[in-house]
There are 2 protein chains.
Amino acid sequence: MAATTRSTIVAVARRANVSPSTVSRVMNGHTTVDPAIAERVRAAAQELNYSPSPLARSLVLGRTQTVAILVPDLANPTFQGMLRGLSRAAARSNYRVLVADSLETVSEESLLAGELRRSSDAIVLCAPRMPADRLLEVMPSLAPAVVINRDDPRLAAPTLSADYEAGIRPLAEHLYDLGHRRLAYLEGNPHSSSNTSRLRGLDAFCADHPDVSLDRLPGGVAFEHGYAAADAVLASSATGVLAFNDLVAMGLLAAMHERGVAVPQDLSITGFDDITFARYTTPALTTASVPDVELGEQAWVRLHALLVGDAPADDVRVLPRLEVRGSTGPAPTRASGAAASSD
Amino acid sequence: MAATTRSTIVAVARRANVSPSTVSRVMNGHTTVDPAIAERVRAAAQELNYSPSPLARSLVLGRTQTVAILVPDLANPTFQGMLRGLSRAAARSNYRVLVADSLETVSEESLLAGELRRSSDAIVLCAPRMPADRLLEVMPSLAPAVVINRDDPRLAAPTLSADYEAGIRPLAEHLYDLGHRRLAYLEGNPHSSSNTSRLRGLDAFCADHPDVSLDRLPGGVAFEHGYAAADAVLASSATGVLAFNDLVAMGLLAAMHERGVAVPQDLSITGFDDITFARYTTPALTTASVPDVELGEQAWVRLHALLVGDAPADDVRVLPRLEVRGSTGPAPTRASGAAASSD
DNA sequence: CGTGCCTAAGAAATCGTTTTCTCGGCGGTA
DNA sequence: TACCGCCGAGAAAACGATTTCTTAGGCACG
């Protein structure tokens, strides 16, 4: 019968008439023990429905068989993808994943990271809004750790990132090739590293195309932010809009639909990330594809190397791939332009 | 200076010239200790950058400050929502979340659940495909635990569920009211409880409407399954399709679009769950809304009650809410029917 | 002035393992 | 036959905290 109280190693030892050491040895198959005794121990363990306490093991072994991941927002499909990639890859090595999202609390992010790290063996840090100096400050206490989407060269930890700076350019060029000259960028969080990266890319683009005007508009990171930005977009008289990410683009898309603004005839919209659902919007979203699941998997590969002391694998820097779909089209002629044309 | 090696409680004790007991007392504020000494201890702790090992605490306190959640598929937005709800609610009580998805390995699901449970204080079990008897068998060893979407009355654990049986009926009635008489149901996993629940609901519906014919077609749980079912749907000559969930519906939608079948003019399609993206498809998806995030939050409420020994809150059984959007419309007249009309 | 209680801090037990360390016995060789 | 070395199993230390148990000292009261 299964013991009502959790059975311990000494219970098994008593039942098999051996010492706890021997039970441990049998369970872990470390040293060679007399086959007869081993069998007796296994039987006793079975009867008592014994399995070693992970806690006690962790304490003495110094490893928890757990990795943590901190993401800014569990509602964002991109971070969900990273979590999924990490979780599945780690599971293959019999590691579990401790998850937390920091929501909007940038201030306590580093404390949270520390706590997570202390109850796991390693951590994946995805904190686009944490100030660079603070990040550098806490990193040593977080090791082993990998960082996602922070490209500060001073970071000692392995880094996985998408090259947002280079990745946004093809989107802009795409719009340019379609004849768009008045563009708007719906910003993400102003202080996030991924936002500033995109801005750098766009600045470079503008420098190469003096005939383009680019408006920076307040945006955000989710549907509602894109939705709320609709009026500002129309007021800007831009014909092409680069949204911070797919969610923002979808929100904008919905708002434009409600206002009767035709996409892409009156207005072209691009997203970023290529979340699964980007191809199912109306029209399907032109975007730049970031392999989130793969980033999560690769994060595990880096972490695993750190954990077993292997030579650290190279940093990963993926180039987002332009994905042209229906939400972008030729720039409207001046006459048939969007409602905002002032004359 | 921060110690290079993790500082322990005895290090702090030595530095403050007190016993480890006193340090512990100060850190936890349990007994009253001399203010001067307390200050000395705090200073020492600060200087050594000390924070107690969660592992050691867990071992002696018998709680890990962690809850686990097992979901069948981390890629499914519904389970992501539950995870999010759980994680955020638990975080408010300073609990962390250990996450795992069982993917397609039903066989090892109960082992995985046990492992997860043993390294946490409680578990949320979301295992729609685990056989009922096996579920009943493992539940005792998993307590404290809550179960999501299993309505077996023999279950001792608190249960959170959506009433799929009752919830699918309004969808069917909706199609019926639109004139559809030939319906098809794209099944989920045949052995999943949520699939059989829907089937029960549909059977009842059919019993009340003898003039309706319902085809059961093999489907699945993800985009690709819905996509792949397109030909079978057309061959069935159904005018209204109830997909197992929104993902399947979206896959079907895409396939129909490619085939030039107009939705809802030629074919009406409904989903289930009302994932965030359901309103952004073309046309937007008629579906039944399940509050996944709230289910996750309520799971935490139940778990928390169990953990602190409160009276268990009532089981939750939510009724999915019909959400009519653009993917359903009047049944086509016989002449203008879908491509499958054989003449 | 002595006894008793209360407080505050240290000593030691505990949580459940793993892993040295130690010791007894056995076999092989000189 | 005696000794050395090895092997298998138990004893004990360690992991890093918390918490009971103990004890010393101070204060109040008789």
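Below, each value reflects all heavy atoms present in this structure, side chains not excepted, and no hydrogens, waters or symmetry copies. Chain letters run A, B, ... following the sequence lines, proteins first and then strands; every chain starts at 1. As the structure is a prediction and not an experimental result, all values here were calculated from the model.
- Between the side chains of A/Q298 and A/R302, at least one donor-acceptor pair of N or O atoms lies under 3.5 Å.
- In this structure, CG of B/L48 is placed 11 Å from P of D/dA17, rounded to the nearest angstrom.
- Counting heavy atoms from C-beta outward, A/L295 and A/V290 have side chains that approach closer than 4.5 Å.
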Report all interatomic pairs (protein N or O, nucleotide N or O of nucleotides 23-26 of chain D) with separations under 3.5 Å.
none

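- Atom pair B/E39:CD and C/dA9:P shows a separation of 14 Å (rounding to whole Å applied).
- The CZ-P distance, from A/R25 to D/dC7, rounds to 14 Å in whole Å.
- Atom pair A/R57:CZ and C/dT18:P shows a separation of 5 Å (rounding to whole Å applied).
- For A/S19, a side-chain nitrogen or oxygen approaches OP1 or OP2 of D/dG10 to under 4.0 Å.
- Rounding to the nearest 0.5 Å places CZ of B/R57 at 11.0 Å from CZ of A/R118.
- At least one donor-acceptor pair under 3.5 Å links the side chain of B/T64 to the backbone N or O of B/T66.
- For B/T22 against C/dA8, no side-chain N or O and base N or O form a donor-acceptor pair under 3.5 Å.
- Considering only the side chain of A/I9, C/dT18 comes nearest among C/dT18, D/dA9, C/dG10.
- You'll find that the side chain of B/I37 is closest to C/dA9, out of C/dA9, D/dG16, D/dT18.
- Checked against D/dT19, C/dT17, C/dA8, the side chain of B/T32 finds its nearest nucleotide in C/dA8.
- Atom pair A/M27:CE and C/dT18:P shows a separation of 8 Å (rounding to whole Å applied).
- For D/dA17, the base has no donor-acceptor partner in the side chain of B/T8 [N/O atoms by modelled type, under 3.5 angstrom].
- The CG atom of B/L74 lies 7.0 Å from the CG atom of B/L83; values are rounded to the nearest 0.5 Å.
- Taking the charged nitrogens against the carboxylate oxygens, A/D151 and A/R317 do have a contact shorter than 4.0 Å, which makes a salt bridge.
- The pair B/R150-B/D152 fails the salt-bridge criterion, with no side-chain N (NZ, NE, NH1 or NH2) lying under 4.0 Å from an Asp/Glu carboxylate O.
- Salt bridge status for B/E115 with A/R96: present, with a side-chain N to carboxylate O gap under 4.0 Å.
- Minimum atom distance to the side chain of A/V18 is reached by D/dG10, of the listed D/dT18, C/dG10, D/dG10.
- Residue A/V146 is tested with A/D315, A/I69, A/L86, A/V124 for a side chain to side chain contact (heavy atoms under 4.5 Å, CB included); the sole match is A/V124.
- For A/Y50 and C/dG16, the shortest distance from a side-chain N or O to OP1 or OP2 is not below 4.0 Å.
- In this entry the distance linking CZ of B/R14 with P of D/dG16 reads 12 Å, nearest Å.
- Projected onto DNA chain C by closest heavy-atom contact, A/N28 and B/S21 fall at different nucleotides, the more 5' of which corresponds to B/S21.
- Taking every heavy atom of residues 58-68 of chain A and every atom of DNA chain D, pairs under 4.0 Å involve A/L59, A/V60, by number.
- When side chains are defined from C-beta on, B/V138 counts as touching B/M130, because their heavy atoms get closer than 4.5 Å.
- Listed nucleotides: D/dT19, D/dA17, C/dT19. Nearest to the side chain of A/S24: C/dT19.
- One can place NE2 of A/H30 at 16 Å from P of D/dA9, the figure rounded to the nearest angstrom.
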